[in-house]
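Quick notes on the structure that follows.
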Amino acid sequence: MNRQVPDIRTELPGPKARALIERDRAVVSTSYTRDYPMVIARGEGAVVEDVDGNSFLDCTAGIAVASTGHSHPDVVAAIVQQAKQFLHMSGTDFYYEAQVRLGEVLSAVMPMPGPHRSFFGNSGTEANEAALKLAKYHTKRQGVIAFFGSFHGRTMGSLSLTASKVAQRRGFGPFVPGTFHAPYADCYRCPVGRTPESCAAECVDFIEQQLFVHLVAPEEVAAVMVEPIQGEGGYLVPPDVFLHRLRELTRAHGILLIVDEVQSGMGRTGKMFAVEHAGVEPDIVTMAKGIASGLPLGVATARADVMSWPPGTHASTFGGNPVACAASLATLALLRDGLIRNAEVVGAHLLAGVRALMERHALIGDVRGRGLMVGIELVRDRTTKERATTERDRLVRECFSRGLLVLRAGRNAVRLSPPLVLTTAQADTAIEILDAALTAVSNVR
Ligand SMILES: Cc1ncc(COP(=O)(O)O)c(C=O)c1O
């Protein structure tokens with residue numbers, strides 16, 4: 001795909017895209033959320049081409065999954081090699097090297113001291129279900145605390161903790177008993193009215209002063225599950241002190257700290273795990289999305305003394321599929337050999353460029369992020385911070401029509417989560433398109 005990108009040659013959606021979307025409408029679940037009509041035909045690096053021959057700069061990576069870029073040759077080669085040997089043997093009943101090797105490689109990069117053990121599933125929600133079950137089993141306690149705005153998945157355990165959008169929960173209750181929520185450190189809209197300068201993560205006090213006083217005894221709480229950067233909730237970056245205080249509080253009460261790195265992990269923030277920026281050592285880390293560049297894989301890795309449950313307690317037929325493990329091993333090598341560093345460098349460039357747009361566009365209330373995890377919150381008024389939700393939706397579509405793929409996050413934010421191979425020149429292209437799209441949105445207000 002040696003061509004100028006983006007390159008939009010047809011109306012959007014083009015005729016082939018329209019035809020496929022029509023077929024999709026008839027047979028695919030109506031529960032999916034498609035922000036705009038993008039029908040991919042192929043991808044390479046940070047560029048995707050649609051079925052009508054239009055090419056786009058991808059700042060979504062398929063929701064932060066294609067970490068090494070679309071179809072990285074090393075990952076494809078690893079997949080092909082493993083596929084030729086065997087496709088499946090169920091790592092819960094038999095042994096194979098790819099799963100063991102992946103456990104070893106993950107153990108070497110964990111943000112807490114080893115030894116560690118890993119449980120392998122197929123998705124983020126399965127990684128979180130495994131972590132929840134493990135925490136309950138290990139502590140013999142039932143309660144779990146999560147945060148408002150969090151997204152942990154859509155199966156019943158993780159959905160009970162998810163508190164992002166009511167549409168994700170409406171109609172599915174009652175939820176798993178013993179799940180509680182506390183305010184997240186949303187510094188742009190501080191839940192306790194602090195400024196970043198005066199912040200001592202007082203939002204964490206809610207757990208001690210409200211939950212532990214009125215709703216649940218700390219000795220009945222198995223775990224606190226937290227995203228070190230809230231993803232679906234709006235790319236919210238908490239101050240380090242928030243995670244420090246959570247660690248102190250959980251340690252004081254014998255509660256396990258689970259960090260959900262499904263979106264923020266695997267090098268995206270310029271470190272392997274976002275929690276490393278705060279220097280906090282969790283008990284369990286959950287991963288998925290970028291861990292295998294697009295093949296389905298979810299992993300919960302814990303301190304070995306925590307993950308010591310007996311045979312039969314938890315397993316998965318497909319989890320840790322050898323092809324997914326091979327893709328993950330190739331992915332982790334690429335991350336180590338330069339992509340984490342690229343995420344740090346190009347991410348800083350992207351963040352600075354998007355921040356500079358604030359001078360020209362009053363619609364931007366806040367720009368935040370770490371590495372190639374950048375959030376842009378839109379407001380109608382910077383003083384009242386009124387949420388510019390319809391403008392945000394329009395911005396996402398204006399970007400699409402100009403050949404830039406971005407996604408919504410939270411109620412009024414846009415997220416940029418490109419493949420970690422993004423170049424500085426591509427980051428500049430993204431900033432230029434955002435600039436033009438913001439102008440278009442402001443002009444029609
Ligand atoms: C932080 C976080 N946890 C868990 C999940 C669930 O992952 P999956 O959709 O693979 O089940 C997501 C998905 O967006 C996520 O962002």
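Every number for a ligand or one of its atoms is a count from 1 in the order of the listing.
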So which bit of [X] gets within less than 4.0 Å of ligand 1, heavy atoms only: side chain, backbone, both or neither?
{"X": "Asn128", "result": "side chain"}
{"X": "Glu227", "result": "side chain"}
{"X": "Thr125", "result": "both"}
{"X": "Lys289", "result": "side chain"}

Q. Just checking, any donor-acceptor pair under 3.5 angstrom between side chains of Gln263 and Gln230?
A.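 The answer is no; no qualifying pair exists.
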Q) Can you find a side-chain donor-acceptor pair between Ser160 and Thr179 that sits under 3.5 Å? A)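 Side chains of Ser160 and Thr179: no pair found under 3.5 Å.
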Below the 3.5 angstrom mark, is there an N/O of [X], backbone or side chain, next to an N/O of ligand 1?
{"X": "Gly124", "value": "yes"}
{"X": "Phe151", "value": "yes"}
{"X": "Gln263", "value": "yes"}

Q: Run down the list Leu161, Val262, Thr162 and name the one with the heavy atom closest to atom 15 (C) of ligand 1.
A: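 Among Leu161, Val262, Thr162, the closest heavy atom to atom 15 (C) of ligand 1 belongs to Val262.
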Q | Reference residue His88; test ring-ring contact (aromatic ring centres under 6.0 Å, His included); the match among Tyr96, Phe318, Phe94 | A |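 One option only clears the test, and that one is Phe318.
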Q | Protein non-hydrogen atom below 4.0 angstrom of atom 9 (O) of ligand 1 present | A |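 Within 4.0 Å: no protein heavy atom nearby.
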Q. Out of Asp260, Thr162, Thr125, which one pairs with His152 under the side-chain hydrogen bond (donor to acceptor under 3.5 Å, both in side chains) rule?
A.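 Per the side-chain hydrogen bond (donor to acceptor under 3.5 Å, both in side chains) rule, the option paired with His152 is Asp260, out of Asp260, Thr162, Thr125.
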**Q.** Leu335, Thr68, Val346 screened by side-chain contact (heavy atoms from CB on, under 4.5 Å) with Leu420, the one that passes
**A.**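 Only one of Leu335, Thr68, Val346 forms a side-chain contact (heavy atoms from CB on, under 4.5 Å) with Leu420, namely Leu335.
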Q) So is Glu232 close enough to ligand 1, meaning a heavy atom under 4.0 angstrom away? A)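 Not so, Glu232 does not reach ligand 1.
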(Q) With heavy-atom distances below 4.0 Å as the criterion, list the atoms of ligand 1 near Asp260. (A)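 Every atom of ligand 1 under 4.0 Å from some heavy atom of Asp260: 1 (C), 2 (C), 3 (N), 4 (C).
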Q: Could you grab the distance from atom CG of Leu339 to atom CG of Asp337, nearest 0.5 Å is fine?
A: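 Taking CG in Leu339 and CG in Asp337, the distance rounds to 8.5 Å.
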Q: Take atom CD of Gln85 as the centre, draw a 6.0 Å sphere, and report whether it contains more than 12 heavy atoms from other residues, nucleotides or ligands.
A: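 Enclosed: over 12 neighbouring heavy atoms sit under 6.0 Å from CD of Gln85.
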Q.
Around atom CZ of Arg169, are there more than 12 heavy atoms from other residues, nucleotides or ligands closer than 6.0 Å?
A.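 Counting other residues, nucleotides and ligands, CZ of Arg169 exceeds 12 neighbours.
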